[in-house]
2 protein chains.
Amino acid sequence: MKRHVLIFGLVGGLLVATLQYTQYRFIVIEHSVELYGALVAILFATFGIWLGLRITRRRETIVVKEVLVPAPEPGGGPASAFLPDTARQQRLGITARELEILSLVARGLSNREIATELFVSENTVKTHCSRAFAKLGAARRTQAVRRGKELGLLP
Amino acid sequence: MKRHVLIFGLVGGLLVATLQYTQYRFIVIEHSVELYGALVAILFATFGIWLGLRITRRRETIVVKEVLVPAPEPGGGPASAFLPDTARQQRLGITARELEILSLVARGLSNREIATELFVSENTVKTHCSRAFAKLGAARRTQAVRRGKELGLLP
DNA sequence: CGCAAAATCATCCGAAAGGGTGACGACACC
DNA sequence: GGTGTCGTCACCCTTTCGGATGATTTTGCG
């Protein structure tokens with residue numbers, strides 16, 4: 001968490017320094033102060049939104065209520081939302097995060113895309129993947145997806 | 001979480017203070033522009049964070065899920081054999097061989113395993129894969145499998 | 001608070017996958 | 001015979017994956 005602030009400081013400082021350095025040469029002459037301010041505003045607003053999104057990432061409480069329902073007819077219902085087999089997931093020791101990444105793997109995303117989607121580094125995604133694969137007894141992501149579907153962990 | 005915002009604010013304030021302090025020594029004349037930029041930056045960074053917090057505020061989703069227990073197999077249906085959508089296959093120009101390789105990919109096999117299974121070289125498998133991926137608009141095998149299932153080409 | 005689990009990130013390295021190109025033979029069709 | 005498609009295979013190159021390992025941070029819980 002401190003790292004974000006650090007990044008912010010660095011980026012901000014660099015930005016300001018750059019602006020200070022360049023403004024007298026390129027910007028101020030032909031552009032107004034308002035434009036300069038707008039540029040800074042947009043940049044910092046974007047960064048702030050990113051930071052806000054990042055630090056409030058997913059704090060979700062899942063309460064699973066197991067209810068036995070008689071024979072759902074496949075293809076009948078209104079695309080009945082998929083419900084992962086939490087029991088099996090726990091038995092395999094698969095964490096929620098790992099399952100989340102697994103579902104993105106099943107959607108055909110690359111590690112990099114998953115990393116971007118979840119605001120984490122590619123290395124983290126790889127770690128989660130490796131662990132999930134190990135728990136599923138899979139050597140490849142295609143195999144992991146297949147296993148996940150077989151076990152009712154993925155739709 | 002408030003802590004981060006606090007730290008951020010402190011760092012931001014420090015940044016402004018530093019800027020103000022330094023600018024007084026070197027850029028006294030144009031200091032109003034610097035101050036203006038810094039203020040705008042801080043303001044909009046704060047605004048961005050606030051916005052980020054706002055739009056992801058209700059991340060604390062309490063999900064109550066009802067686990068549907070799949071119907072006990074009545075033993076009646078003879079596991080209705082899957083029939084690929086030949087029409088769509090032809091429309092996409094996917095050959096039978098490519099679909100065959102694709103199904104093995106979907107089973108989680110590696111190219112080498114597929115090559116062994118089909119008594120062809122690994123290069124051949126890769127060629128078929130590439131062509132099939134191109135026709136499916138997929139960049140990865142996981143994506144290809146997903147597309148194949150969506151299009152009714154794979155079970 | 002202190003501990004354990006989980007999440008995050010990094011680095012190294014080898015293997016697998018994917019893209020591109022070119023080539024060759026078989027086979028069908030006109 | 002010429003043409004086109006399909007299957008087969010090879011080479012080169014880049015990207016991606018996966019495994020192993022270690023470290024740090026965050027978080028939930030007793």
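We use all heavy atoms of the structure for the numbers below, so side chains are in, but hydrogens, waters and symmetry mates are not. Chain letters run A, B, ... following the sequence lines, proteins first, then strands; residues in each count from 1.
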Donor-acceptor contact below 3.5 Å, side chain A:Arg147 vs main chain A:Leu136: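 Yes.
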Just the atom pairs and distances: protein N or O near nucleotides 12-17 of chain D's N or O, under 3.5 Å.
from	atom 1	to	atom 2	distance (Å)
D:dT16	OP2	A:Arg112	NH2	3.4
D:dC17	OP2	A:Asn111	N	3.2

List, by chain and then residue number, the residues other than B:Val125 in its hydrophobic cluster (Ile/Leu/Val/Met/Phe/Trp/Tyr, side-chain heavy atoms under 4.5 Å); write none if there are no others.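 Via sub-4.5 Å side-chain contacts, B:Val125 links to B:Ile101, B:Leu104, B:Val105, B:Leu109, B:Ile114, B:Leu118, B:Val120, B:Val145.
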For B:Arg97 and for A:Thr142, find the nucleotide of DNA chain D with the closest heavy atom, then tell me which residue's nucleotide is more 5'.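 Going by which nucleotide is closer to the 5' end, it is B:Arg97.
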Under the rule for side chain to side chain donor-acceptor pair (under 3.5 Å), what residues qualify as partners of [X], not counting sequence neighbours?
X        : answer
A:Gln90  : none
B:Arg131 : none
B:Glu117 : none

Quick check: closest heavy atoms across A:Gly108 and B:Thr142, and the distance to 0.1 Å?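 Between these two residues, the closest heavy atoms are CA-OG1, 3.5 Å.
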If you compare all heavy atoms of B:Pro155 against all heavy atoms of B:Lys149, which two are closest, and at what distance to 0.1 Å?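 That closest heavy-atom pairing would be O-NZ, 2.8 Å.
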So, using salt bridge (charged side-chain N to carboxylate O under 4.0 Å, His left out) as the criterion, who are the partners of A:Lys135 when residues are at least two apart?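 A:Lys135 satisfies salt bridge (charged side-chain N to carboxylate O under 4.0 Å, His left out) with A:Glu98 once adjacent residues are dropped.
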Under the side chain to side chain contact (heavy atoms under 4.5 Å, CB included) test, which residues partner [X], sequence neighbours left out?
X        : value
A:Ser121 : A:Asn123, A:Thr124
B:Ala87  : B:Asp85, B:Arg91
B:Gln143 : B:Ala138, B:Ala139, B:Arg140

[N] [atom2] sits how many Å from [X] [atom1], rounded?
X        : N      : atom1 : atom2 : answer
A:Glu100 : C:dA6  : CD    : P     : 15 Å
B:Lys135 : C:dG18 : NZ    : C1'   : 16 Å
B:Gln143 : C:dG19 : CD    : C1'   : 15 Å
A:Phe119 : C:dC9  : CZ    : C1'   : 17 Å
B:His128 : D:dT5  : NE2   : P     : 16 Å
A:Glu98  : C:dT8  : CD    : C1'   : 13 Å

Roughly how bent is the helix from C:dC1-D:dG30 to C:dC30-D:dG1 end to end, in steps of 10 degrees, with each end axis from five pairs? 50°
For C:dG19, does either OP1 or OP2 sit under 4.0 Å from a side-chain N or O belonging to B:Ser130?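 Answer is yes, contact under 4.0 Å.
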I'd like a list of close polar pairs between nucleotides 22-30 of chain C and the protein, N/O only, cut-off under 3.5 Å.
none

For the pair B:Lys126 and B:Glu122, find out whether any cationic side-chain nitrogen is under 4.0 Å from an anionic carboxylate oxygen.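 No, B:Lys126 and B:Glu122 are not salt-bridged.
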Hey, can you pull the residues of residues 146-155 of chain B with a non-hydrogen atom under 4.0 angstrom from DNA chain D? none
Measure the spacing between CG of A:Leu102 and CG of A:Leu154 and express it to the nearest 0.5 Å.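 Result: 5.0 Å between the selected atoms.
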Any chance you could measure B:Arg88, atom CZ, to B:Leu151, atom CG, to the nearest 0.5 Å? 5.0 Å
Describe the nucleic acid contact of A:Thr124 in one word from base, sugar-phosphate, nothing, applying a heavy-atom distance below 4.0 Å. base
